[in-house]
Amino acid sequence: MLTIHADSRGRALAVEGEWIVAAASLEELAVTHPHARVRRWPGILTPGLLNPHGTELLEEAYHPDPREADELGTEPLTGDALTALALDDARWGASARRGVQRMLAHGTVAAACAPLTNRAVRDAVRRTGLGVVGRLGRPAGTPSLDPYASGLPVEFQPERERGSAARFAVFDVRDEAELAARGAGTCVATVVAGRLVYRRR
């Protein structure tokens, strides 16, 4: 079913399957696609963020299960705390899935990674649909689920247009300046491969 995603500024994308079939104003798309389902989101529609620290957040950190919060807390574990866990493949895969979900909740639709060497992590990430782009070396900055907190210039994916992959995010802010000030925790929706993979409740 064709779905139109529109933001508070009236900008909209028409999505069918995994692809964007049109990008225009909501007014225009409502006329050209009168039978489409319409999702109206507060804030601004963007192409979605690229997190530069994919390897660090997915293969060099453990994202605790909520049931482990009393023992391990809720923040990613790294360094000695990670080593002490002696994770098996099942826990690595589950951690990667939770890590990706937390990225999606911050409007991230792609992560920059060195080749992932942990097969459980690699397979888990592939199944989520998160985009993975290659990189050379280790980036500067501080690994963070919120790219605005990394200390590096924030990168968005290319603008979405007709024929683009349906991969984008919506942030509940007035404009890009407010997004930079408040950060990616303002994300209200993330779409990957045409699927609504995150929606703030």
Side-chain angles (χ1 to χ4, degrees), residues 1-54 57 97 99-113 125-135 139 144-150 152-201:
M1 180 179 183
L2 193 145
T3 301
I4 295 172
H5 294 265
D7 68 11
S8 297
R9 299 188 289 193
R11 297 176 180 176
L13 298 172
V15 175
E16 189 165 26
E18 298 185 10
W19 303 99
I20 292 172
V21 297
S25 69
L26 174 58
E27 185 177 84
E28 291 176 77
L29 294 185
V31 170
T32 55
H33 304 282
H35 302 296
R37 175 175 58 184
V38 178
R39 291 187 182 272
R40 292 180 173 85
W41 301 105
I44 63 173
L45 196 155
T46 76
L49 295 165
L50 169 72
N51 193 306
H53 294 105
L57 291 169
R97 288 190 294 274
V100 169
Q101 189 58 40
R102 296 181 76 183
M103 285 183 169
L104 296 171
H106 287 82
T108 290
V109 297
C113 300
V125 172
R126 176 178 50 79
R127 286 193 291 267
T128 67
L130 180 75
V132 175
V133 300
R135 73 181 200 199
S144 174
L145 292 163
D146 182 350
Y148 284 96
S150 71
L152 297 177
V154 172
E155 291 186 53
F156 284 90
Q157 290 290 274
E159 283 295 328
R160 302 294 87 184
E161 56 189 20
R162 181 179 180 181
S164 296
R167 184 186 298 270
F168 52 89
V170 186
F171 298 90
D172 188 9
V173 293
R174 292 185 301 272
D175 52 32
E176 287 77 3
E178 185 180 353
L179 174 57
R182 294 179 57 195
T186 55
C187 180
V188 292
T190 304
V191 172
V192 170
R195 296 181 293 114
L196 183 62
V197 292
Y198 171 74
R199 179 177 186 173
R200 189 168 74 189
R201 300 186 187 281

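On a predicted model such as this, the values are computed, not experimentally measured, just so you know.
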Undergrad: Locate the shortest heavy-atom distance separating E161 from A23; write the atom from each residue and the value.
TA: CA-CB, 4.1 Å
Undergrad: Between M103 and L145, what is the shortest heavy-atom contact and its length?
TA: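 What the structure gives for the nearest pair is CG-CD2, 4.0 Å.
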Undergrad: For A165, is there any backbone N or O sitting under 3.5 Å from a side-chain donor or acceptor partner on R160?
TA: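 Yes, R160 side chain to A165 backbone: donor-acceptor pair under 3.5 Å.
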Undergrad: With side chain to side chain contact (heavy atoms under 4.5 Å, CB included) as the test, would you mind laying out the steps for Y148 and T186 before giving the verdict?
TA: CA-CA 11 Å; Y148 284 96; T186 55; over 6 Å; no
Undergrad: Apply side chain to side chain donor-acceptor pair (under 3.5 Å) to H106 and list each qualifying residue two or more places apart in sequence or on a separate chain.
TA: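 H106 satisfies side chain to side chain donor-acceptor pair (under 3.5 Å) with no other residue.
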Undergrad: Can you measure from CD (E155) to CG (L49) and round to the nearest 0.5 angstrom?
TA: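 Taking CD in E155 and CG in L49, the distance rounds to 10.0 Å.
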Undergrad: Might you point out which heavy atoms bring V188 and P42 nearest each other, and give the distance in Å?
TA: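 What the structure gives for the nearest pair is CG2-O, 3.9 Å.
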Undergrad: Which distance, rounded to the nearest 0.5 Å, do you find between the CG of L45 and the CZ of F168?
TA: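 Here the interatomic distance stands at 5.5 Å.
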Undergrad: Measure the NE2-CD1 distance between H5 and I20 for me, rounded to the nearest 0.5 Å.
TA: 9.0 Å
Undergrad: Can you name the residues that form a side-chain contact (heavy atoms from CB on, under 4.5 Å) with R199, not counting sequence neighbours?
TA: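 Partners of R199 under the side-chain contact (heavy atoms from CB on, under 4.5 Å) test: R39, W41, L196.
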Undergrad: Would the distance check show the side chain of R167 and the main-chain N or O of G129 forming a donor-acceptor pair, the cut-off being under 3.5 Å?
TA: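 Yes; judged by distance alone, with no hydrogens or angles, the pair exists.
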Undergrad: Compare every heavy atom of Y198 with every heavy atom of C187, then report the nearest pair and how far apart it is.
TA: O-CE2, 3.7 Å
Undergrad: Please check if the number of heavy atoms outside R174 that lie under 6.0 Å from its CZ is greater than 12.
TA: no
Undergrad: Check the pair I44, E178 against side chain to side chain contact (heavy atoms under 4.5 Å, CB included), reporting the backbone distance first and the verdict last.
TA: CA-CA 10 Å; I44 63 173; E178 185 180 353; over 6 Å; no
Undergrad: Give me the one residue out of L50, T190, L57, L130 that meets side-chain contact (heavy atoms from CB on, under 4.5 Å) with T108.
TA: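 So, applying the side-chain contact (heavy atoms from CB on, under 4.5 Å) to T108 and each of L50, T190, L57, L130, only L130 qualifies.
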Undergrad: How about S144 and H53: do any of their side-chain heavy atoms sit closer than 4.5 Å?
TA: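 Not in contact.
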Undergrad: Could you tell me whether R126 atom CZ has more than 12 heavy atoms of other residues or ligands within 6.0 Å of it?
TA: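 Atom CZ in R126 is packed in, count exceeds 12.
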Undergrad: Check step by step if side chain to side chain contact (heavy atoms under 4.5 Å, CB included) holds for H35 and M1.
TA: CA-CA 9 Å; H35 302 296; M1 180 179 183; over 6 Å; no
Undergrad: If I compare all heavy atoms of R195 with all of T128, which pair ends up nearest, and what's the gap?
TA: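 Where R195 meets T128 most closely, the heavy atoms are NH2-O, 3.6 Å.
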Undergrad: Looking at N51 and A111, would you say the former's side chain and the latter's main chain have a donor-acceptor pair under 3.5 Å?
TA: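 No: the side chain of N51 does not pair with the backbone of A111.
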Undergrad: Can you name the nearest heavy-atom pair linking G194 to V15, along with the distance?
TA: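 For G194 versus V15, the nearest heavy atoms are CA-CG1, 4.0 Å.
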Undergrad: Could you state the interatomic distance from CG (L13) to CG (D7), rounded to the nearest 0.5 Å?
TA: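 The CG atom of L13 sits 8.5 Å away from the CG atom of D7.
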Undergrad: Got a sec: does the CZ of R200 have more than 12 other heavy atoms crowding it under 6.0 Å?
TA: yes
Undergrad: Nearest 0.5 Å please: distance from the OG1 atom of T3 over to the CG atom of L29.
TA: 12.0 Å
